[in-house]
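Have a look at the structure below before the remarks.
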Amino acid sequence: MTQRVLEVESPLLELEEKINELKIVNQTGKIDLSREIEALERKASQLKKSIYENLTPWEKVRLARHPERPTTLEYVNAMFTDFFELHGDRHYADDAAIVGGFARLDGQPVMVIGHQKGKETRENLFRNFGMPNPEGFRKAGRLMKLAASFHVPIVTFIDTPGAYPGIEAEERGQYEAIAQNIALMSSLPVPIIVTVIGEGGSGGALAIGMGDRVLMLEHSVYSVISPEGCASILWRDATRAEEAARALRITAQDLHRRGIIDAIVSEPPGGVHRAPHVVFGKLANIIAESIEELAALPSALLVERRYQKYRAMGEFVCAVENEERVPVAAGVG
Amino acid sequence: MTQRVLEVESPLLELEEKINELKIVNQTGKIDLSREIEALERKASQLKKSIYENLTPWEKVRLARHPERPTTLEYVNAMFTDFFELHGDRHYADDAAIVGGFARLDGQPVMVIGHQKGKETRENLFRNFGMPNPEGFRKAGRLMKLAASFHVPIVTFIDTPGAYPGIEAEERGQYEAIAQNIALMSSLPVPIIVTVIGEGGSGGALAIGMGDRVLMLEHSVYSVISPEGCASILWRDATRAEEAARALRITAQDLHRRGIIDAIVSEPPGGVHRAPHVVFGKLANIIAESIEELAALPSALLVERRYQKYRAMGEFVCAVENEERVPVAAGVG
Amino acid sequence: MSGFFDRLRSQRPKTTAQPGANASREIPDNLWVKCSRCHTAVFRKVFEEQFKVCDKCGYHHKLTAWERVSLLSDPDAFLEWDAGITPADPLQFGPDYQRKLEEDRQKTRLGDAVLSGRTLLANHPVALGVMDFAFRGGSMGSVVGEKITMLMERALSERLPTIVVTSSGGARMQEGIYSLMQMAKTSAARVRLQEAGLPYLVVLTDPTTAGVAASFAALGDVILAEPDAIIGFSGARVIEQTIRQKLPEGFQTSEFYLKHGFIDSVVPRKDLKSSLARLLGFLTRSGSVASVTE
Amino acid sequence: MSGFFDRLRSQRPKTTAQPGANASREIPDNLWVKCSRCHTAVFRKVFEEQFKVCDKCGYHHKLTAWERVSLLSDPDAFLEWDAGITPADPLQFGPDYQRKLEEDRQKTRLGDAVLSGRTLLANHPVALGVMDFAFRGGSMGSVVGEKITMLMERALSERLPTIVVTSSGGARMQEGIYSLMQMAKTSAARVRLQEAGLPYLVVLTDPTTAGVAASFAALGDVILAEPDAIIGFSGARVIEQTIRQKLPEGFQTSEFYLKHGFIDSVVPRKDLKSSLARLLGFLTRSGSVASVTE
Ligand SMILES: [Zn+2]
Ligand SMILES: [Zn+2]
């Protein structure tokens, strides 16, 4: 599905390789290449910066799906202590495509929940490539209810191509499971902090993605449909995914500008996987601060604010407000 | 599994047949047998009364399982109007072994729920002989929650050999489904009226059987285990079921004496199936009156009374009350 | 209820698109309609008397939003809400999208894929929302989300039961993330009805999938469906491509979801109004809902 | 935690049955214990240091109620509740039943199949109930129902978290309908804990089936299970007789129910106390539960 090296980063990687070769030559002591190496390193650094600051939406999609990008459990293990994984939806199964459990952030209890992708084939099969079945969403819902009963804030990580499109998933009510979670999240009386760490794939993302604060990593994406899916439906041509990626406005920057997400968490040049701990540390701070701030609110106000936040999303033309009319008299435009 | 004619009623049926034969002879007008017929009819009536007033527990088990005994839907159709059947557990399936839906009793909305047996083989297979899978209990739970949200009283009918003992039933958490329903029923803020109309089989019965008023038909039974099961476990001999039926105290009369159920609904001689409409009418009145009475209570009081009712069930020896002790000091008896 | 299309015509003689226009296109002779499933030609009058249900094969043809309102509303009772809310093009998806919107506006005489208002259903005052598949496949963008939310918020403030009849292929791609967020917005509004003890009934009609299925459509206190409607999250084509096998017969139909526990009852169109009325009768007696005589 | 059986001995030197008595019966030499699954002979001291978990095959032998209390309680912290509640024979099931009760009383030094009390678990004050399979197969009659209910009611009034360790074949047949009604009684008490925001943790141990599984055992906020415990509603034999086929390998084990979504975590005995302590830590910080220093 994805490659270890993206097209966009190959000039950089080539340059870095060259620099390394020069360094080896340099170490022999026969020629002094220090100045040249220094110059090349400056150049590499500029290149890096310019590449990653100017990624196209499609390049961001590729980066968001990068196989070396940290997955939920890496965030959990790095940012939290005392993670106690909990399993099962208490109805049908435990779905490995969603993980969850209690943990501590700065010593304070939280419930962490996230989509879980694998790093290699076997793990990816086990995790179903991060695509939950209904029981995954229901597990998440159960854990969120559990957290709310005990006043424990909820922290979720979004990283999924989407809900799994399978026969059994449909049989067991994929649509219902997603809807129930969204309804649930709209009214839970505890802070909910959401971070999109990779792919935010449609309803399968939103099913654990409604929150008081929604953060996105700099190179993550969040979309109503995959660019490939959009292209194949709109233009009957999946190869126009790049175009769709642009049209759908799926980057963190786009979504922040439009007020859909609350903040962007910057990534090191090259993406979070090049220096994950920098991001882990920064993100942990942001989340901890957000929780502290939100936990201070009366829970009714917290829920009301969350309601109003989503209530305001949408762009439309509104000719007359609060109108009520008899169709015969008024006609219909 | 069961026969259309029970051993205990065969002398009566023989006598009734003889009377019919005599009546035919009488109608020829050749001999006047009126007086003899009258005498025999008196005798038959006495026999009927004595048979059905003195049924052994095992005979009651047989009668409770009688294939002609009315099933839940017959009660529903006869006692209620406007029955609107609702389906499904919203998780996995619709289980035909439990039926439920809105209906009206004396014009007032109620939620009716009951185990559903079939009358003949095909229907029995469809209804799984009235043995629910987890989704049956979950459907019942869902409907009870729905009723409670809209302040609609709940009326249940118990008639099951028990929860279905199958591989898939266990996989989908038969025990959990039963436990959840019991927990739910303990706290629903609407009146719950339960009637055992046939077999009250263990946890599968209790899963829709906890209520403010629990009624039993005169010849129904209610037991923690089937007499056959009890005999085979206790004495490794299922044929001693008759003995177990006696030992387990499973008749309506026994349970009423012990305060486990609240009232007995008398059946016509020969059992409810001989004149069902008499029972339907009587039962409808009792249920309607119970609802009226219970609906007048504040819901917190209703739930508290229900709690205390079940809280009081159990017989044990209590040496010292409210004791708390250090085991080292006191030793353990 | 027969003659309800006549009533519809007399109610909105000048501005309404011809009812049954979609189905009739196939046969030029205006007296006859051809069933789009079994292709039997049916006398138009009979077809309309059966509410566009094929006499022969029972197929439930799609109704327009106004036809649906006529089917469910008492005569002259419907007051439209929020007709002034119409689509923007927030992502600037381009002239192609704008042109399609305009086409569908012409075709359906609707501002977007949902028509909402207050009405009486068998004398029960209700807030009613109906979707129209003919407008961009009933897809949910900002307008659908806003109008459904407004519907519920108005129901809340007026203490009315809410009924929504769905028909949608899902989110409106051309509005991107805004469409996705309508799932959150509408579901949140639905929860408020629940918290207020107000009934919310859903009727799933063909098709109800993806983003609409996975939000307000799935959250009814009672969920009815018309026969043989396609319901689900993922589209059949996507599933087939993923699992590389053919889908079973009857997959994702109303009857399939009835069997799998997600639908309370499959109700033929002719019984839909009476079924809803009966349910309202069960759910609105508590005094917590505006009374019939209001 | 090693040496906990020693502590147990010193704590209750005269009245306790010999810990490990069940497992040790098989080998006369008191220095050795034979694993009842793999039949390996294990040095008793090692066996006890491993809390009766076989070194070789990992089999978790059953613990007595007092052993379980020692495993989970801080030293000398356990205060027993309701020891005076003992079985009647409400159905007059006969001398045979009475004799068996007396035998089990002698064997286990318990009044019935549950031991309950207040204790500290890693400094967390808790209400703790533990079942003992050696007393009538851990079956729930009136005493078990009453003591579990009392445990929860006391937890409620003292605002303690509740932990119950289950081990039971189900209802006690000899108490007939009274046994069945304990399912209602205990489940209702559990709901009160929930309403009061008090944590309720369950540990399922081998076996937990039928009436106990289908009531308070299934209702934990978090449900842990020891490895390889048998859990379920219907007994394997009954199922086999009903469906007339062999049951699959691993059917109705802890791991089976973990996979099927009914267990939060399968926890080896050596980690049980620390796991419960961690969970208490997550669930008791809200101030709604008695603080550690109380
Ligand atoms: Zn047709
Ligand atoms: Zn071993």
Side-chain angles (χ1 to χ4, degrees), chain B residues 163-167 169-180 182-187 202-203 205-207 209-210 222-225 229-230 233-234 247-250 254-255 258 260 306-307 310-311 313-328 330-333, chain D residues 11-12 14-16 78-88 90-91 93 109-111 117-118 142-143 145-146 149 171 173 176-185 187-188 190-191 195 209-211 213-215 217-219 231-234 238-239 242-243 247-248 251-252 260-262:
Chain B
Y164 183 62
I167 291 182
E170 295 293 312
E171 281 179 354
R172 296 197 296 271
Q174 192 69 286
Y175 72 93
E176 199 267 356
I178 294 171
Q180 290 295 347
I182 297 172
L184 176 67
M185 294 185 94
S186 77
S187 60
S202 190
L206 186 62
M210 196 175 173
Y222 194 0
S223 178
V224 70
I225 186 170
C230 177
I233 292 173
L234 270 193
L248 286 166
R249 321 280 169 180
I250 62 182
D254 261 318
L255 300 181
R258 290 164 185 276
I260 301 293
R306 193 184 308 142
Y307 185 85
Y310 285 90
R311 180 70 188 83
M313 290 184 191
E315 293 286 330
F316 46 83
V317 177
C318 188
V320 189
E321 231 172 324
N322 296 330
E323 182 184 13
E324 174 171 301
R325 64 179 189 180
V326 186
V328 183
V332 170
Chain D
Q11 201 181 2
R12 308 182 48 258
K14 291 181 195 83
T15 56
T16 320
F78 186 75
L79 295 177
E80 189 180 358
W81 283 339
D82 304 311
I85 297 175
T86 53
L91 305 192
F93 222 81
R109 301 273 163 183
L110 295 171
R118 179 198 168 88
S142 300
V143 174
E146 181 69 16
T149 304
M173 274 178 305
I177 200 82
Y178 290 108
S179 292
L180 189 68
M181 293 303 146
Q182 304 313 306
M183 294 169 69
K185 183 161 125 179
S187 299
R190 184 278 171 271
V191 171
E195 286 165 353
T209 59
S215 59
L219 297 170
I231 298 159
F233 186 67
S234 300
V238 174
I239 298 171
T242 306
I243 62 169
L247 298 174
F251 184 64
Q252 291 187 320
H260 286 289
F262 295 94

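Computed from a predicted structure; not experimentally measured. Labels below follow one simple rule: chain letters A, B, ... track the order of the sequence lines, proteins then strands, and each chain is numbered from 1.
- The most heavy-atom pairs under 4.5 Å with chain D, out of B:R306, B:Q174, B:Q180, B:E171, come from B:E171.
- Closest approach of B:Y310 and D:K185 over heavy atoms only: O-CD, 3.3 Å.
- Scanning both residues, D:G176 and B:V224, for their nearest heavy atoms gives O-CB, 3.4 Å.
- A 4.5 Å side-chain heavy-atom check between D:L91 and B:R258 finds at least one atom pair inside the cut-off.
- Interface remark: of the candidates D:A88, D:P87, D:A214, D:A217, D:A214 forms the most heavy-atom pairs closer than 4.5 Å to chain B.
- Across every non-hydrogen atom of B:G203 and D:F233, the tightest pair is CA-CZ, 4.2 Å.
- Of the two parts of B:I225, only the side chain, counted from C-beta on, holds a non-hydrogen atom closer than 4.5 Å to a non-hydrogen atom of chain D.
- Between chain B and the options D:G145, D:G261, D:A210, D:G232, heavy-atom pairs under 4.5 Å are most frequent for D:G232.
- Among the candidates D:A188, D:P248, D:G211, the residue making the largest number of heavy-atom pairs closer than 4.5 Å to chain B is D:A188.
- Atom OG of B:S186 sits about 13.0 Å away from atom CE of D:M183, to the nearest 0.5 Å.
- Note that OH of B:Y307 is 6.0 Å distant from OG1 of D:T149, once rounded to the nearest 0.5 Å.
- Minimum heavy-atom separation, B:L206 to D:L180: CD2-O, 3.5 Å.
- In this structure, chain D has heavy atoms under 4.5 Å from both the backbone and the side chain of B:L248.
- Using a 4.5 Å cut-off between heavy atoms, D:F251 touches chain B through its side chain atoms alone.
- Counting heavy-atom pairs closer than 4.5 Å to chain D, the top residue among B:S223, B:C230, B:A183 is B:A183.
- In terms of heavy atoms, B:S187 sits closest to D:E195 at CB-OE2, 3.7 Å.
- At a 4.5 Å heavy-atom cutoff, the contact between B:M313 and chain D is made by backbone and side-chain atoms alike.
- Between chain D and the options B:G229, B:S202, B:A207, heavy-atom pairs under 4.5 Å are most frequent for B:S202.
- Judged by distance alone, the side chain of B:E315 and the main-chain N or O of D:S142 form no donor-acceptor pair under 3.5 Å.
- At a threshold of 4.5 Å between non-hydrogen side-chain atoms, the residues D:Y178 and B:I260 count as touching.
- Highest contact tally toward chain B, considering only D:I243, D:L219, D:V143, is held by D:L219 [criterion: heavy-atom pairs under 4.5 Å].
- Using a 4.5 Å cut-off on side-chain heavy atoms (C-beta onward), B:Y164 and D:T242 make contact.
- In this structure, B:I182 CD1 and D:M181 CE are separated by 9.0 Å, a value rounded to the nearest 0.5 Å.
- With rounding to the nearest 0.5 Å, the separation of CD1 in B:I178 from OG in D:S215 is 10.0 Å.
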